[in-house]
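Counting convention: from 1, in listed order, for ligands and their atoms alike.
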Amino acid sequence: MNYRLAYAIGFHPWEDAAADPPFVAKAAQMFDREELGRQPPYGRALDLGTGSGIWGIELAKRGWQVTGVDLVEKALRRAHDRVRSASVEMKLVRGDVTALGRAGIGDGFRLILDTGAFHGLQPEEQIAMGQEVTAVSAPDATVLLFVWPRRIRPLIRGAYRSDVEAAFPAWEITDVEPSHFSLPILLEVILRPDEKWYRLRRKLSFELINR
Ligand SMILES: C[S@@+](CC[C@H](N)C(=O)[O-])C[C@H]1O[C@@H](n2cnc3c(N)ncnc32)[C@H](O)[C@@H]1O
């Protein structure tokens with residue numbers, strides 16, 4: 001998908017997820033699990049392909065110190081407005097998720113969230129993203145990826161579980177759960193989303209072997 005064009009013409013249906021109670025409830029459940037037994041502030045969180053910042057803001061409200069990264073200037077402008085209206089702190093950075101080192105965001109992120117960037121990338125970009133995520137993550141980090149399954153459809157490429165595994169060899173997929181995302185009926189029929197939340201944790205053995 002050409003996101004620059006999409007934002008330029010005001011086409012951003014993914015933002016509707018914020019008004020979809022089953023999706024919101026499931027996202028909250030995913031976040032709850034990462035906060036279990038801890039008190040805010042929870043640490044650094046990275047919202048990759050943050051768009052207009054919806055889910056990064058949600059994390060900031062919950063007590064994460066959030067940085068959002070996106071390539072598209074217009075999306076970031078929308079995010080700045082949203083952050084201001086929400087009266088939260090969230091850092092917004094223009095950058096490429098496949099080259100996070102160049103974005104100058106630092107490291108030590110305990111939670112890495114992606115609601116929609118990874119599954120649109122080409123395999124080599126997915127692998128670059130995985131490497132960059134690993135480089136900026138804390139040893140006890142979690143990655144939450146919202147992924148549409150790979151199939152022939154317009155607009156969104158999608159990804160197989162094997163694509164996630166190939167991009168994140170230093171990580172173990174601990175859970176794959178339905179996101180309960182729904183679309184208007186016509187888009188539902190055309191795009192057949194059936195998307196999932198992937199939860200990944202860093203493999204300790206990988207760290208030790210590759211030290
Ligand atoms: C489907 S939208 C989701 C936006 C937001 N996460 C949400 O759920 O509302 C995907 C976002 O990823 C961004 N994106 C795609 N590829 C990117 C890349 N290589 N680097 C940074 N951002 C990217 C797009 O600009 C877009 O804002």
Side-chain angles (χ1 to χ4, degrees), residues 1-20 22-28 30-31 45-61 64 66-83 85-86 88 90-105 109 111-133 135-136 143-150 153-159 163 167 179-184 187 191 193 195-198:
M1 158 135 27
N2 182 335
Y3 284 108
R4 195 161 284 114
L5 177 63
Y7 283 107
I9 62 173
F11 177 76
H12 27 66
W14 46 87
E15 295 184 2
D16 298 345
D20 180 359
F23 181 84
V24 172
K26 182 63 190 176
M30 300 299 292
F31 302 155
L46 182 57
D47 183 14
L48 294 172
T50 189
S52 66
I54 292 171
W55 302 104
I57 289 170
E58 202 48 45
L59 289 175
K61 284 182 184 164
W64 292 87
V66 187
T67 299
V69 175
D70 206 286
L71 262 183
V72 179
E73 199 61 61
K74 182 150 187 205
L76 290 171
R77 280 205 298 277
R78 290 168 64 74
H80 275 291
D81 291 345
R82 226 184 255 278
V83 166
S85 315
V88 292
M90 175 173 163
K91 209 166 155 188
L92 292 163
V93 177
R94 178 141 191 255
D96 191 324
V97 300
T98 67
L100 292 172
R102 263 189 264 144
I105 55 170
F109 290 96
L111 179 60
I112 295 90
L113 175 70
D114 169 10
T115 54
F118 178 83
H119 65 191
L121 300 177
Q122 295 299 314
E124 64 280 6
E125 296 173 319
Q126 292 175 339
I127 286 169
M129 174 174 156
Q131 288 167 346
E132 295 286 303
V133 165
V136 301
V143 171
L144 299 178
L145 286 182
F146 169 73
V147 176
W148 285 36
R150 178 113 164 82
R153 68 160 83 76
L155 299 176
I156 293 170
R157 188 173 182 280
D163 296 325
S179 75
H180 307 308
F181 181 62
S182 58
L183 286 165
L187 284 178
L191 299 177
E195 69 311 298
K196 302 280 187 290
W197 278 110
Y198 281 75

Any nitrogen or oxygen of [X], side chain or backbone, less than 3.5 Å from one on ligand 1?
X	answer
E15	no
D70	yes
Y3	no
V72	no

Look at [atom] and say which protein heavy atom is nearest, naming residue and atom and giving the distance to 0.1 Å.
atom	result
atom 20 (N) of ligand 1	V97 N, 2.9 Å
atom 9 (O) of ligand 1	W14 CD1, 3.4 Å
atom 12 (O) of ligand 1	G49 CA, 3.4 Å
atom 19 (N) of ligand 1	D96 OD1, 2.9 Å
atom 8 (O) of ligand 1	T115 OG1, 2.7 Å
atom 16 (N) of ligand 1	L121 CD2, 4.1 Å
atom 17 (C) of ligand 1	L71 CD1, 4.0 Å

What are the atoms of ligand 1, with element, lying closer than 4.0 Å to any heavy atom of [X]?
X	value
T50	5 (C), 6 (N)
G116	1 (C), 10 (C)
G95	20 (N), 21 (C)

Rounded to the nearest 0.5 Å, what separation is found between the [atom1] atom of [X] and the [atom2] atom of [Y]?
X	Y	atom1	atom2	answer
E195	F181	CD	CZ	6.5 Å
T67	D47	OG1	CG	9.5 Å
S52	D81	OG	CG	9.5 Å

Heavy atom of A6 under 4.0 Å from ligand 1? no
Taking the six-membered ring for Trp, are W55 and F23 parallel (under 30°), tilted (30 to 60°) or perpendicular (over 60°)?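 Because their plane-to-plane angle is over 60°, the rings of W55 and F23 count as perpendicular.
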Report the part of F146 (side chain from C-beta onward, or backbone N, CA, C, O) that has a heavy atom under 4.0 Å from ligand 1; answer both or neither where that applies.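 Answer for F146: neither.
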So which bit of D47 gets within less than 4.0 Å of ligand 1, heavy atoms only: side chain, backbone, both or neither? neither
Of all pairs that satisfy side chain to side chain donor-acceptor pair (under 3.5 Å), the ones with a partner from residues 111-123, not counting sequence neighbours: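 As it turns out, there is no side chain to side chain donor-acceptor pair (under 3.5 Å) pair with a partner in residues 111-123 once direct neighbours are skipped.
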Quick one: are the ring centres of [X] and [Y] less than 6.0 Å apart?
X	Y	value
W64	F109	no
F146	F118	no
W14	Y3	yes

Where at least one partner belongs to residues 90-105, residue pairs that pass salt bridge (Lys or Arg N to Asp or Glu O under 4.0 Å), sequence neighbours excluded: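 Every pair satisfying salt bridge (Lys or Arg N to Asp or Glu O under 4.0 Å) with a residue in residues 90-105: E73-R94.
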